[in-house]
Structure formats: C-alpha cells, structure tokens
Amino acid sequence: MRPPALARAALALYPPSWRDRYGDEVLALLEDSGGGPAAAASVAWRALPAWFCPHLHDRPARMRSSLATALMSWSMLAGLGLVFAQLTQLQGLTAPGHPELRWAYAVFDVTLATSALVAGLGGLPLWLLMLRRARRGQRTRDMVYLLLPMLAPAAYLGRLQPRGPALRLAATAAGLSAAVMAVAAVAIVVAVTSLTLWARSFAGYHDGAVPGIYLALVVTAATVTTVSAARGIRAAR
C-alpha cells in the first residue's frame, strides 16, 4: 500500500539526503500511528531544522544537502539583490552629503558579480557531471530539468546523488560565493538604511515598514546561505 498522502507530503519537506536515510522508517512510524493530520503536522514541523543540522555522517550526502540549501537561499538573495538594483541604482536614488550610499552601490555591484562568477565556475563541473549522468541513463526529463534555472538543479542534487571532486569543488565554491554574497547583503542593508534615513522623499522610503520587511528577507536569506555553505565546506574537508 502507498503511504497516506499527508505522510508523503510531510516527508517531502525534508532534504533529499534525509529522506533517503530515514524516509522509510518515518513512513512506517506514521502508518503505525494512523498517519493522521496531527502526526503528519508533527513530522512537518521538524523539517526546517533538518535542513540546517549536520545530521548525516555520509560526507557526500552532507555536502549535497548543504549545497542544495545554499543554492536555493543564494538564488533568493540574488533575486532580492536584483530588486534592490532595479528600485535604487537604476532609479538614480541618491542621498546628497552621504557618500556611504555611493560606496554601498559600488560594493554591491562588485560583490554580486564576483559571487555569481565564483558560484558559476565552481558549480559548472558538478552540473556537467549530473547532466552526463542523466544523459547516460537516458533520463530526458532529468536533462530538461537540469537545464532550467538553478532551483531545479538544486533539487536534483538529491535525486542524482553526485559525489567526488566535482562535488567538493562545488561545495568549496559555494562557501566562497556565500561569503562574498554576505558582503553584498551588508551593502544592501547600508544602502536601504541610508535611503530610509536621508532620502525619505522618494516613494517607498518615507515609511520604514516596507524597507524593514525587505531587509529582514535579505538578512534571513544571507544567514541561511552562509550557514549552509559553511557546513558544506566542513563536510568537504
């Protein structure tokens, strides 16, 4: 019999490597308990810590789990950075008498480009490895998904389970890219705070609520990216 839909949905919230190791056991426990909403909710509630805790003793699995989390959170942070560029720099927003805003713009531009370059060069061998593996297995759907934006390859780290030097290189590159991206996040915080304090005449900055929510998302994404990438580097070593 297939496990109840609620049980499968709750288990789907966990990292792929976690599901590979503990999934059958958790599903069996849920089936024994009836697999009701309360049991499924209890399992789902514990999914978030599983993405951050280095619970796996298998180093390649730990690297894949950390790399997938870092890649998804890095993508979110990069998207927030592009929103920042669109709504500040490209609009020509400045705060006369406050050169720190111009410095923040310059630091953001350099660090965002550097982070993307490091992530791309370091992750390319791993992406090619997964693409070759999917092609050898004649997995047309997997190949199509791997050609999509980076959120899909992040999910396929657990499905294709690559290992070896390419995985270690990608984990190391993710750590460096995350460190540089953290500097870009600091530049965003400085710029948005400066605009909120000294350029309140611009729409969107006269009320601190919207910038506050935006900065909270930036800090959260930067923290998740940095922590996950650091754990990936530790596993690679």
Side-chain angles (χ1 to χ4, degrees), residues 12-23 47-79 81 110-139 141-186 220-237:
L13 299 175
Y14 285 78
S17 54
W18 194 99
R19 295 197 303 268
D20 291 340
R21 183 164 183 176
Y22 303 112
L48 185 60
W51 286 92
F52 305 112
C53 297
H55 54 274
L56 297 173
H57 299 286
D58 181 7
R59 289 177 59 194
R62 287 177 57 188
M63 282 188 283
R64 288 192 298 267
S65 178
S66 299
L67 188 57
T69 306
L71 184 55
M72 288 187 288
S73 56
W74 185 96
S75 301
M76 178 182 175
L77 185 56
V110 172
T111 51
L112 180 64
T114 302
S115 179
L117 180 63
V118 171
L121 293 178
L124 182 60
L126 179 62
W127 178 77
L128 292 175
L129 174 64
M130 291 193 296
L131 194 62
R132 287 195 301 269
R133 183 169 296 181
R135 189 172 66 175
R136 283 199 303 266
Q138 297 182 345
R139 302 175 180 177
R141 186 178 63 178
D142 292 354
M143 292 177 62
V144 171
Y145 286 155
L146 285 169
L147 295 173
L148 293 176
M150 57 185 62
L151 290 181
Y156 270 73
L157 281 169
R159 180 181 178 90
L160 297 177
Q161 297 186 349
R163 58 181 62 226
L167 180 60
R168 289 194 296 273
L169 174 62
T172 303
L176 296 176
S177 178
V180 177
M181 199 61 160
V183 178
V186 172
T220 300
T223 301
V224 174
T225 302
T226 304
V227 171
S228 299
R231 287 176 171 161
I233 288 182
R234 286 204 301 269
R237 291 180 177 178

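The figures that follow rest on heavy atoms only: side chains count, while hydrogens, waters and symmetry mates do not. Computed from a prediction, not measured in an experiment: that's the story for all the values here.
Residue Ala70 comes nearest to Ser73 through the heavy atom pair O-OG, 3.1 Å, listed as atom of the first residue, atom of the second, then distance. Smallest separation of non-hydrogen atoms from Ala222 and Ala185: CB-CB, 3.9 Å. The nearest pair of heavy atoms linking Ala171 to Ala236 is CB-CB, 4.3 Å. In terms of heavy atoms, Leu169 sits closest to Pro125 at CD2-CG, 3.8 Å.
Among residues two or more places apart in sequence or in another chain, the side-chain contact (heavy atoms from CB on, under 4.5 Å) test is passed with Arg132 by Leu128, Leu129, Arg136. Annotation: side-chain contact (heavy atoms from CB on, under 4.5 Å) contacts of Thr226 (sequence neighbours excluded): Ala182. With sequence neighbours excluded, no residue satisfies side-chain contact (heavy atoms from CB on, under 4.5 Å) with Ala179. Every side-chain contact (heavy atoms from CB on, under 4.5 Å) that Val118 has, sequence neighbours left out, goes to Thr114, Ala173, Leu176, Ser177.
Not a single donor-acceptor pair under 3.5 Å links the side chain of Ser66 to the backbone N or O of Met63.
Contact check for Leu126 versus Leu67: side-chain heavy atoms found under the 4.5 Å cut-off. Looking only at side-chain heavy atoms (C-beta outward), Thr111 and Met181 stay at 4.5 Å or farther from each other.
Residue Ser115 is tested with Val180, Val183, Thr225, Val110 for a side-chain contact (heavy atoms from CB on, under 4.5 Å); the sole match is Val180.
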